[in-house]
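What follows is a set of notes on a single structure, which appears directly below.
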Number of protein chains: 2
Amino acid sequence: MEAQKIFVDYLKQNDLKNTPERMVILQEVMKLDKHFEAEVLFEHIKSINIKVSRASIYRTLDLLVQCDLVNRINFDNTCFYYETTMNKSSHDHFICTECGKIIEFYYSEIEKIHKNITDKFELDISEYSHQIYGKCKDCKQKKSLK
Amino acid sequence: MEAQKIFVDYLKQNDLKNTPERMVILQEVMKLDKHFEAEVLFEHIKSINIKVSRASIYRTLDLLVQCDLVNRINFDNTCFYYETTMNKSSHDHFICTECGKIIEFYYSEIEKIHKNITDKFELDISEYSHQIYGKCKDCKQKKSLK
DNA sequence: TTCGTTGCAAAGCTTTTGCACGAAT
DNA sequence: ATTCGTGCAAAAGCTTTGCAACGAA
């Protein structure tokens, strides 16, 4: 189902009002990259000459999280990141602490682990975060030459 | 090796000073429960009538993270949590997004994945972060009752 | 004596909130 | 006419930082 319809229905069902601000925010959220910050969304909307306050950004993001159109995730304690739930694919990241290089990888075992833990503890998993930090091949070699 | 020796050595090797505040903080960190907040450590030390400022708590925790005696973890964006690394096998966390409950778990497959990726990309892994977010059994049931 | 360290308070940042005005139904 | 939403600015809450006094080496 289309995101906008889901959101409008959600608003209606909860006696919330359909406002221009809310519609703009949903529309622009859908255009952003996978993991975006509230501030990025705010700046983005400002950049297309639409005026929406930061408060409305945060409040509307909360609503979008409520109706499962958006996930709010917690990456590094600097701020929350948001991502749309539509078309989401899973992969993890290796981040080189020397040069910042990122390697994406995917192992089906991760999903098996999640399935296993879901069953064992009767959980309902919505999101996960899996990062590996260290030195990439190049930086490892540079380091050992010293 | 004993934590205190590791810390003292670390300080010496980095031309940092061995101060009473740092020693107290290390000592009391070791007494705390698994996942504690900086504020809890601060209050704990105050409660035993030792005077250490919040700033020193934060600065010393950073040092302890630097020398791998403590991990700094990020569960819910409210604050950082810390845990000692001594005598602790690696484990990951499930965090309930409704009630904040934390479940620790360990799967050897994670290590296999890391070994595999290390070999494949010739990496040097120093740390990783793996959190799963969702609803725990109780909160899942509460939600479905509505 | 020399620097690193401490405590304090202020600043920094992201997110939330109180309030008066404005808009949707 | 209600009632909810918005913008603004202030508040919140955790963490970091600037600075002067202090203390370890």
Side-chain angles (χ1 to χ4, degrees), chain A residues 4 7-29 32 35-46 49-67 70-83, chain B residues 4 7-29 35-46 49-67 70-82 97 100:
Chain A
Q4 189 173 332
F7 191 35
V8 170
D9 285 354
Y10 173 83
L11 294 175
K12 206 163 287 177
Q13 283 173 16
N14 290 275
D15 291 317
L16 300 171
K17 287 170 180 167
N18 182 332
T19 68
E21 288 83 358
R22 286 175 174 166
M23 290 304 113
V24 164
I25 289 170
L26 172 60
Q27 182 184 308
E28 298 308 316
V29 156
L32 290 181
H35 300 89
F36 62 88
E37 307 167 31
E39 187 64 21
V40 165
L41 176 59
F42 175 71
E43 291 298 335
H44 168 71
I45 291 182
K46 197 156 75 178
N49 292 310
I50 298 178
K51 201 163 174 306
V52 176
S53 70
R54 240 185 223 91
S56 290
I57 296 281
Y58 280 103
R59 287 187 280 227
T60 301
L61 281 171
D62 281 351
L63 293 179
L64 293 174
V65 169
Q66 287 303 312
C67 63
V70 165
N71 283 331
R72 182 164 104 152
I73 51 182
N74 165 249
F75 190 69
D76 58 7
N77 253 38
T78 61
C79 64
F80 284 109
Y81 292 82
Y82 297 85
E83 66 172 10
Chain B
Q4 190 175 331
F7 191 34
V8 170
D9 285 354
Y10 173 82
L11 294 175
K12 206 165 288 176
Q13 282 173 17
N14 290 274
D15 291 317
L16 300 170
K17 286 172 181 168
N18 182 333
T19 68
E21 288 84 359
R22 285 175 175 167
M23 290 304 112
V24 164
I25 289 170
L26 171 60
Q27 181 184 308
E28 299 307 318
V29 156
H35 309 106
F36 62 89
E37 306 166 30
E39 187 64 21
V40 166
L41 177 59
F42 175 71
E43 291 298 335
H44 168 70
I45 290 182
K46 196 155 74 179
N49 292 309
I50 298 177
K51 201 164 176 305
V52 176
S53 69
R54 241 185 222 88
S56 290
I57 297 281
Y58 280 104
R59 287 187 281 226
T60 302
L61 281 171
D62 281 351
L63 294 179
L64 293 174
V65 169
Q66 288 301 312
C67 64
V70 166
N71 283 333
R72 182 164 104 154
I73 341 176
N74 164 248
F75 287 142
D76 57 8
N77 262 40
T78 62
C79 64
F80 285 109
Y81 293 82
Y82 297 85
T97 52

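Everything numeric in this text was worked out from a predicted model, so none of it was measured.
- For C/dC8, one of the phosphate oxygens OP1 or OP2 lies less than 4.0 angstrom from a side-chain nitrogen or oxygen of B/Lys51.
- Between A/Lys12 atom NZ and D/dC4 atom C1' the separation is 16 Å, expressed in whole Å.
- Base engagement by A/Arg59 is indicated by at least one non-hydrogen atom pair under 4.0 Å involving a base atom.
- For the residue pair A/Phe42 and A/Ser53, the shortest heavy atom distance occurs at CE1-C, 3.9 Å.
- In terms of phosphate contacts, B/Thr19 brings a side-chain nitrogen or oxygen within less than 4.0 Å of OP1 or OP2 of C/dT6.
- When all heavy atoms of B/Arg22 and B/Lys17 are compared, the closest pair comes out as NH1-O, 2.8 Å.
- Heavy-atom minimum distance, B/Ile25 versus B/Ser56: CD1-O, 3.6 Å.
- When the nucleotides D/dT16, C/dT5, D/dG7 are ranked by their closest atom to the side chain of A/Ser53, D/dG7 comes out on top.
- Atom P of nucleotide C/dC13 and atom CZ of B/Phe80 are separated by 15 Å, given to the nearest angstrom.
- Between the P atom of C/dT6 and the CG atom of B/Leu63 lies a distance of 8 Å, rounded to the nearest Å.
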Mind running salt bridge (charged side-chain N to carboxylate O under 4.0 Å, His left out) on B/Arg54 and B/Glu39 for me, showing each step along the way? CA-CA 8 Å; B/Arg54 241 185 222 88; B/Glu39 187 64 21; 2.9 Å; yes

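- Place A/Pro20 and B/Glu21 on DNA chain C by their nearest nucleotides, and B/Glu21 ends up nearer the 5' end.
- Rounding to whole angstrom units, CG of residue B/Asn14 and C1' of D/dA25 are separated by 16 Å.
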After noting the C-alpha distance and the side-chain angles of B/Phe7 and B/Asn18, does the key distance pass the side-chain contact (heavy atoms from CB on, under 4.5 Å) rule? CA-CA 9 Å; B/Phe7 191 34; B/Asn18 182 333; over 6 Å; no

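- Relative to the side chain of B/Lys17, the nucleotides C/dT16, C/dA23, D/dA24 differ in distance, and D/dA24 lies closest.
- Where B/Glu37 and B/Leu16 each meet DNA chain D at their nearest nucleotide, the meeting point lying more 5' is that of B/Glu37.
- Closest approach to the A/Tyr58 side chain among D/dT16, D/dG7, C/dT16 is made by C/dT16 (side chain taken as heavy atoms from C-beta onward).
- In this model, the phosphate group of D/dG7 is approached by a side-chain N or O of A/Ser56 to a distance below 4.0 Å at OP1 or OP2.
- An OP1 or OP2 oxygen of D/dG7 is reached within less than 4.0 angstrom by no side-chain nitrogen or oxygen of A/Arg54.
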